[in-house]
There are 2 protein chains.
Amino acid sequence: MHIAAKSQHDTTADTIIDAASEVFADKGYEGARVDELARAAGVNKATLYYQIGDKEAVYHAVITRVLARTADEVCAAVAEVDECEEKIRRFINIFARNAGNMRYAAPIMLREVASGGRNLPESAIAEMGRLLGALGEALREGERSGLFRPVNEFMVHMMIVGSLMLYSANEPIRRRNAERHPEIYNEQHFISNEEAGEQVTDLVLAAIANNKQ
Amino acid sequence: MHIAAKSQHDTTADTIIDAASEVFADKGYEGARVDELARAAGVNKATLYYQIGDKEAVYHAVITRVLARTADEVCAAVAEVDECEEKIRRFINIFARNAGNMRYAAPIMLREVASGGRNLPESAIAEMGRLLGALGEALREGERSGLFRPVNEFMVHMMIVGSLMLYSANEPIRRRNAERHPEIYNEQHFISNEEAGEQVTDLVLAAIANNKQ
DNA sequence: ACACAATTCAACCAAACGGTTAAACCAATT
DNA sequence: AATTGGTTTAACCGTTTGGTTGAATTGTGT
């Protein structure tokens, strides 16, 4: 039995969303040009309108996918382990690696936050809820077992996500600044993403540790 | 003797930079229209070009001022106290309050970071160095006195700045999301900025505490 | 009051922008 | 081969955009 091949529609649409993910991550919503999105996808502009819709529709498709993949990756990594500290390590690691999908998610979300979520579609909200849920679950479990002290889950989430998205996204700034101002920058500004994840893991676990145990 | 009054040039330029700070914070560089900048400042567009220059020049003037003021505020607050923990409290408080100048600095810098610092002028770099210096000094002092353990200063900076800028900037998102998805959000997502600052202070001080003391 | 410099203005401009249209092309079915 | 539906295209379009210009207005000094 032969399974029906994927329609051209899905393939072209995916190609467009792939390309648009890069362009929106690089330029932001207003900075990205529809012509550019089409060129990056290797299609004619009208194809893009046919396949997905107007500029906003493309953006929504991108951001929904980017957040869904982020949540998928995070939840999968966290679900692989049982121990709450390890869950937090896994959570942090996805953000720290800044690989694949996360390379788009960080700049896109930083801009979205800066604009008060103006261009965030309804479909993205549930995905954000999944992220919050993954970390929250691990923190509550750690508290129940006496390993962690009671903390504001959301602030811990902000600390992890904020620090790592900012660290990865500002690499070009650091590199540029270090050339002009070597007196300000040293090796601690240029640790690997992996090492940054370990530093954040260390700091966060120390922050939430229940020392009264 | 009569001191010469401030020239019209300085007053109009300041008015433009004030207004532009708001518009750029709200819309970002590409999203802000020059017409809009002029309207917000209550001047004719050509006046804006005469007083400051093209769109990029206005942006540079804004970001340089916003960062200088941020660094001024932070350094002044930190310099008022001698004790290293209190310095960190003061540092965090400036970001947490999200008042005045910081309301512009957070969204502007989040976007700038998302774009790899593409529109960051040379003049802004020294100001960023001042910020890094203020926190770094306090951390090193705490380490010398045995109160803090050795940590990556830059990562701690990322944690503080990242969490608080993200928290304040994403308030509209939280509010909107909570209306549609009350099952995801609870009171810990809506603590005051002051309380958020206290939470971050608590977490950061716990993270860097030297428990071997 | 006058002259000159500084500042602001309304109107204008070419290019860029997001979006549209009818025709051409392609694939599948009969 | 013809038909039909799906997909893509080149060319086009009205509006918006950042920037410019010469005239008008305002400020300053004598």
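What you are looking at is a predicted structure, and each value in this text was computed from that prediction instead of being measured. Only this structure's heavy atoms are used, side chains among them; waters, hydrogens and symmetry mates stay out.
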Has B:Thr47 got a side-chain N or O lying under 4.0 Å from the OP1 or OP2 atom of C:dT7?
no
In whole Å, what is the span from the OH atom of B:Tyr49 to the P atom of D:dG18?
7 Å
If you go through the side-chain atoms of B:Lys45, does one of them form a donor-acceptor pair with the base of D:dG19 closer than 3.5 Å?
yes
Atom CG of B:Leu48 to atom P of D:dT17: distance rounded to whole Å?
15 Å
Are B:Arg111 and A:Glu30 close enough for a salt bridge, meaning some N to O gap below 4.0 Å?
no
Would you say D:dT7 has OP1 or OP2 under 4.0 Å from some side-chain N or O of A:Gln51?
no
Check every strand shown and say whether B:Ala57 touches a base, only sugar-phosphate, or nothing at a heavy-atom separation below 4.0 Å.
nothing
Would you mind reading off the distance between A:Asp54 atom CG and C:dT20 atom C1', rounded to a whole angstrom?
12 Å
Could you check how far CZ of A:Phe24 sits from C1' of C:dG18, rounded to whole Å?
12 Å
Quick one: do A:Arg174 and A:Glu171 make a salt bridge, cutoff under 4.0 Å?
no
Closest to the 5' end of DNA chain C, once A:Tyr29 and B:Gly42 are matched to their nearest nucleotides, is B:Gly42
Closer than 4.0 Å, any side-chain N/O of B:Tyr50 to the OP1 or OP2 of C:dT8?
no
When you measure from the side-chain N and O atoms of A:Thr12 to the phosphate of D:dT8, is any distance below 4.0 Å, counting only OP1 and OP2?
yes
Taking NZ, NE, NH1 and NH2 as the nitrogens, is one of them in A:Glu86 or A:Arg90 under 4.0 Å from a carboxylate oxygen of the other?
yes
Out of D:dG18, C:dA10, C:dG19, which has the shortest distance to the side chain of B:Ala46?
C:dA10
Taking atom P of C:dA16 as reference, at what distance in whole Å does atom CZ of A:Arg39 sit?
12 Å
Roughly, in whole Å, what's the span from CD in A:Glu36 to C1' in C:dG19?
17 Å
Counting only side-chain N and O atoms of B:Arg33, is one of them less than 4.0 Å from OP1 or OP2 of D:dG18?
yes
Could you tell me how far apart A:Asn44 (CG) and C:dA23 (C1') are, to the nearest whole angstrom?
13 Å
Charged N-O contact under 4.0 Å between A:Lys27 and A:Glu36
yes
Donor-acceptor side-chain pairing of B:Ser21 and B:Arg103 below 3.5 angstrom:
no
Spacing between A:Glu30 atom CD and C:dC17 atom P, to the nearest angstrom
13 Å
